[in-house]
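All of these numbers come straight from a predicted model, not from anything done at the bench. Residues take their numbers from the sequence shown, with the count starting at 1.
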Amino acid sequence: MGSLLWLIYEAGLGLALLTAGPFLLARRGRHYLPTLAGRLGGAGSGEPDNGVTAGGLWLHAVSVGEVGVAATLVRALPPELPLLVTTVTPTGQALARRAFAGRARVAYLPFDLRPAVARFWRRFTPAALVLVEGDYWPLLLREARRHALPVAVINGRVGDRSFRRMRRVRPLARFLFSGIESFGVQSAEDRGRLQALGVDPARLTVTGNLKFETPEPRANPDLAAALDRLAGGRPVVIAGSTMPGEDEQVLAAFDALGGGRRALLVLAPRHPERWDEVESLLAANGLVVVRRSRLPVSAGRDAPDVLLLDSMGEMASLFQHAAAAFIGGTLVGTGGHNPLEAARYGIPIAVGPSMQNFRDMAERFDAAGAWRRVADGAELGRVWGEWLADPTAARARGERAAALLVENGGALARTLEMLAPILARIPPRARPDGEAEAGGG
């Protein structure tokens, strides 16, 4: 890739950042403004720049889902291995700080601009890079090649839109992937797509989906007790990771079910900046709402219709208390979200038609009859009603989902085997006390 092309790329990216910057700051300024220093390669807000994590393993995880995958891998790595974890989104950063506190340095991925990347590299000087599921930045990968840094992808996948875009610029895609030593991918379809984009088959291994091996989340007994009090003997239904345009459909389903007279709805919007907006929507529909951040509520208050989960990282453990669940991102065309957090507990799961981000997983659930597909909020309401009326049949469907977690194990062992040659090149060393800190901003 010639110097002129690099110049054009950086100029285009810089222009895009300048154009999008005012919009992002206007819409999500309180999330993004404190992160700018970190995204420019420096120490982010709240991150003490107390030295570097030199010679360690760098794991890049874009957002919440990828951070969960990274955490699964890290539990199997030697505890003395120095770690750096980067994210792109503020929600991913918040989760990474909690998940890796005391184990890894946590920072934002720098913008793909030479000054930011160079500053980041001087701070951390990693010895190897593992990309969780992908996220390929040309300048970052060029810097890795310049430093002879081994790079691998774990839990890799190539979505429909990404494949269409990269196939149109196949020579550039082939160049982009040329510095990646090994790809561990989720499915044979992902392997085939990367081959079609010019990746040598010898660098491709189908390792399976690490999300099937995510450990059971840590329970919060106080939250579980509060949920039980709020439910007051009513069954609990959870709508998790909802996206814009879905909350209205979930409320239609809840109304068809009988509303708060029949059940307590736990509603968990995917993005924190939507919490206030969703609370206003609930109030406009005449529903009594309690926000997680305002628990415990005062005694004698009317039993709420909805618990609005305005917190990060707590939904997964609440599924064990639910009688039914809906996985968001599936009634709108965003590609769906991970159903395994609910499947773990054997509860019946409903999803919409949009699950292309989890195509291989969705095919397994469809084949096993491990969930119900619904077309809209009206059908979701009917399905929830059927499950509450017949808990035995509902549980049988949920148990088929739980069985899939057991049947699809082994991805972690295969991933570690694939990474072994790279990990062997990182000399383990004990770190001084306090070096591994959660940071970022």
Side-chain angles (χ1 to χ4, degrees), residues 187 208-209 211-217 219 224 227-228 231-242 246 249-250 252-268 307 309 315-331 336-355 357-411:
S187 69
N209 194 334
K211 289 180 178 176
F212 279 106
E213 307 218 14
T214 303
E216 184 169 351
L227 181 67
D228 186 59
R234 296 171 294 169
V236 174
V237 294
I238 296 181
S241 298
T242 57
E246 261 181 339
Q249 298 186 66
V250 168
F254 185 56
D255 183 64
L257 181 65
R261 300 183 305 278
R262 184 83 182 278
L264 172 68
L265 171 65
V266 176
L267 183 59
L307 171 63
L309 199 62
M315 181 180 68
S317 67
L318 291 185
F319 279 118
Q320 64 185 301
H321 306 289
F326 164 73
I327 305 303
T330 62
L331 285 177
H337 295 123
N338 182 7
L340 298 180
E341 293 172 337
R344 173 184 304 281
Y345 298 108
I347 63 171
I349 300 166
V351 297
S354 178
M355 277 295 290
N357 289 345
F358 296 83
R359 188 188 308 280
D360 181 66
M361 188 184 294
E363 289 174 356
R364 296 171 193 265
F365 272 73
D366 285 335
W371 59 15
R372 281 281 294 273
R373 295 271 195 170
V374 297
D376 50 30
E379 189 174 2
L380 175 61
R382 289 194 296 272
V383 168
W384 274 351
E386 290 172 15
W387 287 341
L388 296 190
D390 190 350
T392 302
R395 191 71 191 179
R397 187 175 295 275
E399 286 172 354
R400 289 197 289 273
L404 284 177
L405 272 75
V406 178
E407 295 168 9
N408 289 276

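- No donor-acceptor pair closer than 3.5 Å links the side chain of Glu341 to the backbone N or O of Ser317.
- Side chain of Glu246 to main chain of Thr242: no donor-acceptor pair is present (N/O by atom type, distance under 3.5 Å, no hydrogens or angles).
- The closest side-chain heavy-atom distance from Val406 to Phe212 is not below 4.5 Å.
- Looking only at side-chain heavy atoms (C-beta outward), Met361 and Leu340 come within less than 4.5 Å of each other.
- In this structure the side chain of Gln249 never reaches within 4.5 angstrom of the side chain of Phe326, judged on heavy atoms.
- The nearest pair of heavy atoms linking Met315 to Gly240 is SD-CA, 3.3 Å.
- The heavy-atom pair separating His321 from Ala224 by the smallest distance is NE2-CB, 3.5 Å.
- Taking 4.0 Å as the cut-off between side-chain N and carboxylate O, Arg372 and Glu386 count as a salt-bridged pair.
- When every heavy atom of Gly377 is checked against every heavy atom of Leu331, the shortest pair comes out as N-CD1, 4.4 Å.
- Note: Asn338 CG to Thr214 OG1 = 6.5 Å, rounded to the nearest 0.5 Å.
- Val236 has its side chain out of reach of Leu318: every pair of non-hydrogen atoms, C-beta onward, lies at least 4.5 Å apart.
- To the nearest 0.5 Å, atoms CZ (Arg382) and CG (Asp376) are separated by 7.0 Å.
- Summarising the geometry of Gly260 relative to Phe254, their closest heavy-atom pair is N-CZ, 3.5 Å, with the distance given to 0.1 Å.
- Looking only at distances, a side-chain donor or acceptor of Arg373 sits under 3.5 Å from a matching main-chain atom of Gly352.
- Put simply, CZ on Phe319 and OH on Tyr345 are 9.5 Å apart, with the number rounded to the nearest 0.5 Å.
- A distance of 10.0 Å separates NE2 in His337 from CD1 in Ile327, rounded to the nearest 0.5 Å.
- Smallest separation of non-hydrogen atoms from Ala325 and Ala342: CB-CB, 4.4 Å.
- Side-chain N or O atoms of Asp228 include none that pairs as donor or acceptor with a backbone N or O of Ala231 at under 3.5 Å.
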- Begin with the C-alpha distance, continue with both residues' side-chain angles, and end with the deciding distance and a verdict on side-chain contact (heavy atoms from CB on, under 4.5 Å) for Ile347 and Arg395. CA-CA 6 Å; Ile347 63 171; Arg395 191 71 191 179; 4.1 Å; yes
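- Inter-residue side-chain proximity for Trp384 and Arg262 is flagged as unmet; no heavy-atom pair is nearer than 4.5 Å.
- The main-chain N or O of Gly369 is found under 3.5 Å from a side-chain atom of Arg397 such that the two form a donor-acceptor pair.
- The two atoms that bring Leu405 and Ala343 nearest to each other are CD1-CB, 3.7 Å, heavy atoms only.
- Residues Asn408 and Asn209 fail the side-chain proximity criterion, which asks for heavy atoms closer than 4.5 Å.
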